[in-house]
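Data block below; observations after.
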Amino acid sequence: MELRQVRYFLALADECHFGRAAARLHVAQPALSQQIKQLERELGTALFHRSTRHVDLTEAGRDLVGYARTLLAEEQRARAHMAELAGGGAGRVSVGFIGTATYDVLPRVSRTVRARLPGISLELHGEVLTPQLLDGLLTGAYDLAVCRPDTGGTAQVRTAPLLTESLMAVLPARHPLAARPVLPLRDLADEPFVIHSSQPRSSMYDRVLSACDRAGFRPSSLVEVGETATLVVFVAAGHGVALVPQSVRSLRLDGVTYVPLAEPEPVDLVLARRTRPDSPAVERVASVIEQCVRG
């Protein structure tokens, strides 16, 4: 059964007249008659009672009308969906976020995509380390990744800068230094540090220790955690102090205070994707991420 035959059948079912149906379809009447006969042969049953004056649906024809209308409606839906896919208005896009972008960037991106691109199904993955995000881009687990620049790099991944933010100190709320408007990092030299995991290529672990080196000390005690939320919770529980990008302030938690550092310690955030061409949906979500973060 061809869609053309379905259209011809429905036109004749509506008009119950070969001449009017042919005119509606902009085809010759013999061509319409031939297509209806071919459809009846394929289905093995008559669809119309024909006489010199009347054309009426048979019982089989009446049953077929509902199926035929559904087929044409599904075809129209498929065409509309394909057009949306081609224009980036529909599709599935998977985005991964490092922990320090999970509580600020991720919610903004989610809200904006839902509002602007309701036809896109967005899969969001938070609290993922940069190495796992880059590996996930290569395996196809993620289409886009919001992460820190990776010094190892790979020719199969390209990055675009999103923003540069500063590190801040996270202190227990009752810490003697918590009331300071700004804090020289050197003043934390004797404090235990809660720090992101030291897994290979862990971006925040290396950045925090490098900042401490520049301030002239190495933390005497390190408590490693896997997630940013856990890091802040550990500080609130009194296990030490920490350094985090300023966007982590959006993770509001009783018992901690965020204090700017006296010496700027910039950290970059980038949008990573595969080097091969992306689908229109991925391109549109990437544009939303850039607008949300840069704007």
Distance (rounded to the nearest 0.5 Å) between L12 CG and R50 CZ: 7.5 Å
Atom pair CZ (R62) and CG (D56), whose distance is rounded to the nearest 0.5 Å: 9.0 Å
Chi angles and distances behind the side-chain contact (heavy atoms from CB on, under 4.5 Å) call for L64, T45: CA-CA 11 Å; L64 183 60; T45 185; over 6 Å; no
Within one Ile-Leu-Val-Met-Phe-Trp-Tyr cluster: V170 and L209, side-chain cutoff 4.5 Å: no
Distance-only donor-acceptor check, side chains S287 and Q291, under 3.5 Å: yes
List, one per line, each side-chain donor-acceptor pair under 3.5 Å for residues 253-264, sequence neighbours excluded.
unit_1, atom_1, unit_2, atom_2, d
Y258, OH, V248, O, 3.4
Y258, OH, L251, O, 2.9
E263, OE1, L185, N, 3.2

Any donor-acceptor N/O pair, Q246 side chain to M168 backbone, under 3.5 Å: no
Nearest-0.5 Å distance that lies between atom OG1 in T139 and atom CG in L134: 11.0 Å
Sidechain-backbone polar pair: S247 side chain, A101 backbone, donor-acceptor under 3.5 Å: no
Nearest atoms (heavy-atom pairs only) where D187 meets L177: O-CD1, 3.8 Å
Side chain R274, main chain L137, donor-acceptor under 3.5 Å: yes
Heavy-atom pair of closest approach, residues L57 and F9: CD2-CE1, 3.9 Å
Note, P245 side chain near R148 side chain (heavy atom, < 4.5 Å): yes
Minimum-distance pair of heavy atoms, taken over all atoms of T100 and T228: N-OG1, 3.4 Å
V109 and its side-chain contact (heavy atoms from CB on, under 4.5 Å) partner, picked from V113, T112, L106: V113
Heavy-atom pair with the smallest gap, counting every atom of G19 and H17: N-ND1, 3.0 Å
Hphob cluster co-occupancy, L72 + Y67, side-chain heavy atoms under 4.5 angstrom: yes
same_hphob_cluster(V65, L25) at 4.5 Å side-chain heavy-atom cutoff: yes
Hydrophobic cluster identity match, V270 and L138, side-chain contacts under 4.5 Å: no
Check: V223 and P192 side chains under 4.5 Å, non-hydrogen atoms: no
R214 and S210: side chain donor to acceptor below 3.5 Å: no
Presence of salt bridge, R218 and D213, under 4.0 angstrom: yes
Shortest non-hydrogen contact between P118 and A115, atoms and distance: CD-O, 4.2 Å
Donor-acceptor contact below 3.5 Å, side chain Q5 vs main chain E2: yes
Test item: V235 and P172 side chains (from C-beta on) under 4.5 Å apart, heavy atoms: yes
Member of E123, H125, R273 meeting the side-chain contact (heavy atoms from CB on, under 4.5 Å) criterion with Y142: H125
Pair S94, D143: side-chain N/O donor-acceptor within cut-off below 3.5 Å: no
Distance in Å, R158 CZ paired with T275 OG1, rounded so as to fall on 0.5 Å steps: 7.5 Å
Gap between atom CD of Q35 and atom CZ of R4 - 0.5 Å precision: 4.0 Å
Flag if over 12 foreign heavy atoms under 6.0 Å of CZ, R294: yes
Under 3.5 Å side-chain donor-acceptor pair for T102 and E127: no
Pair E75 + R7, salt bridge at N-O below 4.0 Å: yes
For A169 against L183, the heavy-atom pair lying closest together: CB-CD2, 4.1 Å
